[in-house]
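Step one of this worksheet: look at the structure below.
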Amino acid sequence: MKNLFTPLLSFGFTLISATFAQAQVVTIPVETAHNALVLQSNVAKQLNAIYYGKKLSNAPEYSAIPDTYKQAEDYTGLYNAAYTAAGSRNLLEPAIAVTHADGNNSLDLRYVSHEVTKQGDDVSLLRIELKDPVYATNVTLYYKVYYKEDIIEQWSEIRNTEKGTITLQKFASANLNLKANSYWLRQYHGDWAREMQPEETQLTHGIKTLDTKLGTRINLFMPSVFMVSFDKPAGEDEGKVLYGGLEWSGNFKTDFEVDPQNNLRIISGINNYASPYELKSGESLTTPAFWYTMSDMGKGEASRNVQNWARDYKILDGKGQRLTLLNNWEATYFDFNETRLSGLLKDTKSLGVDLFLLDDGWFANKYPRNSDHTGLGDWEENRTKLPHGIASLDKEAQADGVKFGIWIEPEMVSPKSALYSKHPDWVIKQPQREEYYYRNQLVLDLTNTQVQDFVFHTIDSLFIKAPGLAYIKWDCNAVIYNAYSVHLKNKQSQFYVDYVNGLYKVLKRIRAKYPTVPMMLCSGGGGRVDYGALQYFTEYWPSDNTDPLERIFIQWEYSYFYPAIASSNHVTDWGKQPLKYRIDVAMMGKLGFDIVIDKLSAADRKFSQDAVKIYDGVKQIIWHGDQYRLADPRTGSVASVMYVDASKSSGVMFNYLVNSRYGEGSPTPFKLKGLDAVKRYKLQEINLYPGSKSGIDSERVYSGDFLMKIGFNPAVNTSRSSVIVQINEVK
Ligand code: GLA
């Protein structure tokens, strides 16, 4: 069997088999609305990915696609495995590497069978069974296909059917093989209050890695989402571009390897850093999904596909409604009492938003949570601040005609807390080393089922105490230092993986009991935003940085990968922009406020109340419509973004000055997008500050054709730094 892989015999085998080989070649086209990923099992049953690009109109022709690696393989050993195994004929970065029970490090995966099951009009699931001809290691590859949205989710299930224990040294979810003359990677980095900073560079030969090793709050420095453009950087409406990301809230690793033949292999999965994963006989590991999509029409189309997919399938209640809110974090920080909160409940009502969100500081008695040094883990109401508990706040909110929501950070523990004293073995820390803190706190060991129960009951008890509880802000403010679990004993290398699976178990349990309650995914800002977590959350907090100028850039980049309905945008006192600018920017998602309402001038207060009503009138378009980017703040002095409803009869266009130097503004019209060329529209400026007048003629009628070819100038300048225009069809 082993001889089969020597070059000579392999060549001979191919020749001998050639005459009857055709029958054995299995071609599996994975089609979406515009694209096809074509897999092919050759005569030796090696499963290769021979093509990913525009689909053919005649499906039988897929089998005639020349395998561009084929020729190279005979000379250089490069090949395009659908799921690349280490230790046999692979010479590049593998997707999977296994040490067998006997210590052997080789793996070779051969095609056994495949089947497709329909999961709905739009969704189907392809399963491909692979097995090693020598060792009893089996892998199932999964391709979940979202036809309309041109999206594929890919993952693997690795099963050990050997007698002994095997160790997975690497266990990526997927690898893709792509072919172009050049590849341009758009990647993101960041830090607290600086999320989603883009960089775009040409990939050179060798490996570029995007990864994280933070354990929790994993996107603090880098998210897993990326774009790769082919042959040149894609524009908003032209160019070929692939988007991808991993559905995993823990350590990830994505490698981009350009090989000597100029092929690009992308391998994405759980980071194998410090994580060799053991599988006992009969055990299996299912890897998280790697999602990807490709567009020939530029970044805009790709992002609309992702946004539609996210709303339809990936975000909890993605097609539903959201609650506008008033949050007290920046208004009070830790310093509040029942009287202050009663006032804020009244402010919530008078502002016209749906819910009051009580932030950090409401809990702990032995070590009251009066600063970020104490109390995490002691989730009972602080008796000084809230002598009547959250039950009474819940009732008061109901009496005031608003809803009540609460902040919690249930994965964490303060060293100064009753929980830490009682259960030191529940805390992630090295037994013999000094503790090391991130934001003065430590992380609880969610690999431990007792800790999972504790976290579940913590959330459950909030709902039991306050049955009207309508919203949860779930925070996660620390990374993992000194990774060690008392519970895992000598299985420490499973820690990073089991932590995330423990977290998902808790979230699943919460969702089984409270399926629809809106929850915000927060992690000191956008430290944890991914589609693994978002299936349990209705929205995320992009950044603690709420300076609207910064938010224009941050929200712009997030919008490539996540829809506006999931973006929690709060109006705060950050930044130097006027209130109108701050509110306008926050409207491009789910609007909230975190300001002291009773300190607003009468005019600002009235403006805010009116703004909430105006937002209520356009929010369905923003949440459920199609988003088009018209002017990029990174390349000009104005940012312009519009949303259009499905019937193309109403839209809303947001325009902001991002550079206040002399003479900057919108001197030429922006071409609108996504309208119906034959429909006629009126454009009206909305959310004007009291006393200001718009120069925009709201009676003028334009054809969609005109607006999309000639455009419209919102006349943004230093005295009109933020302009919202509503677009309505004239019937
Ligand atoms: C994190 C969040 C903030 C706030 C604080 C409370 O930083 O991102 O919005 O909730 O925690 O401590």
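Counting starts at 1 for both ligands and their atoms, following the listed order. What you see below is based on every heavy atom in this structure, not just the backbone, and it leaves out hydrogens, waters and symmetry mates. We count residues from 1, following the sequence as given. Note that the structure is a prediction, hence the values are computed from the model and not measured.
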If you count the atoms of ligand 1 from 1 in the order shown, which ones are under 4.0 Å from a heavy atom of Lys473? 3 (C), 4 (C), 9 (O), 10 (O)

Say whether, by atom type as modelled, one donor and one acceptor occur between the side chain of Asn440 and the main chain of Ser414 under 3.5 angstrom. no

Below 4.0 angstrom, N of the basic side chain to O of the carboxylate: do Arg509 and Asp453 qualify? yes

Please say whether Arg439 places an N or O atom under 3.5 Å from an N or O atom belonging to ligand 1. yes

Before accepting this row, confirm whether a basic side-chain N of the pair Asp632/Arg629 lies closer than 4.0 Å to the acidic partner's carboxylate O. no

Between Asp312 and Lys319, does any NZ, NE, NH1 or NH2 come within less than 4.0 Å of an OD or OE carboxylate oxygen? yes

Any N or O on Trp407 sitting closer than 3.5 Å to an N or O of ligand 1? yes

Nearest neighbour in protein (non-hydrogen) for atom 10 (O) of ligand 1: Asp359 OD1, 2.7 Å

Within-cut-off N or O pair, Ser523 and ligand 1, under 3.5 Å: no

Electrostatic pair Glu195-Arg551, nearest N-O below 4.0 angstrom: no

If you count heavy atoms of other groups shown closer than 6.0 angstrom to NE2 of His388, is the number above 12? no

What protein heavy atom lies closest to atom 7 (O) of ligand 1? Include the residue and the distance to one decimal. Asp544 OD2, 3.0 Å

Would you mind listing which atoms of ligand 1 come within a distance below 4.0 Å of any non-hydrogen atom of Cys522? 2 (C), 8 (O)

Please report whether ligand 1 has a polar contact with Gly525, defined as an N or O pair separated by less than 3.5 Å (distance criterion only). yes

Using a 4.0 Å cut-off to any heavy atom of Gly524, which atoms of ligand 1 qualify? 1 (C), 7 (O), 8 (O)

Between Lys465 and Glu381, is the closest basic N to carboxylate O distance under 4.0 Å? yes

What protein heavy atom sits nearest atom 1 (C) of ligand 1, and how far off is it? Asp475 OD2, 3.0 Å

Among Trp329, Tyr333, Phe334, the residue with a heavy atom nearest to atom 4 (C) of ligand 1 is Trp329

Per-residue contact class, Asn477 against ligand 1 - non-hydrogen pairs under 4.0 Å: side chain

Which residue is it: Tyr531, Tyr243, Trp291? I am looking for the one with a ring pair (Phe, Tyr, Trp, His ring centres under 6.0 Å) to Tyr562. Tyr531

Element-labelled atoms of ligand 1 that are located less than 4.0 Å from some non-hydrogen atom of Asp360: 6 (C), 12 (O)

Ligand-residue contact atoms, ligand 1 with Trp541, heavy atoms, under 4.0 Å: 8 (O), 9 (O)

Quick one: which residue pairs count as a salt bridge (charged side-chain N to carboxylate O under 4.0 Å, His left out) with a foot in residues 210-227, not counting sequence neighbours? Asp211-Lys213

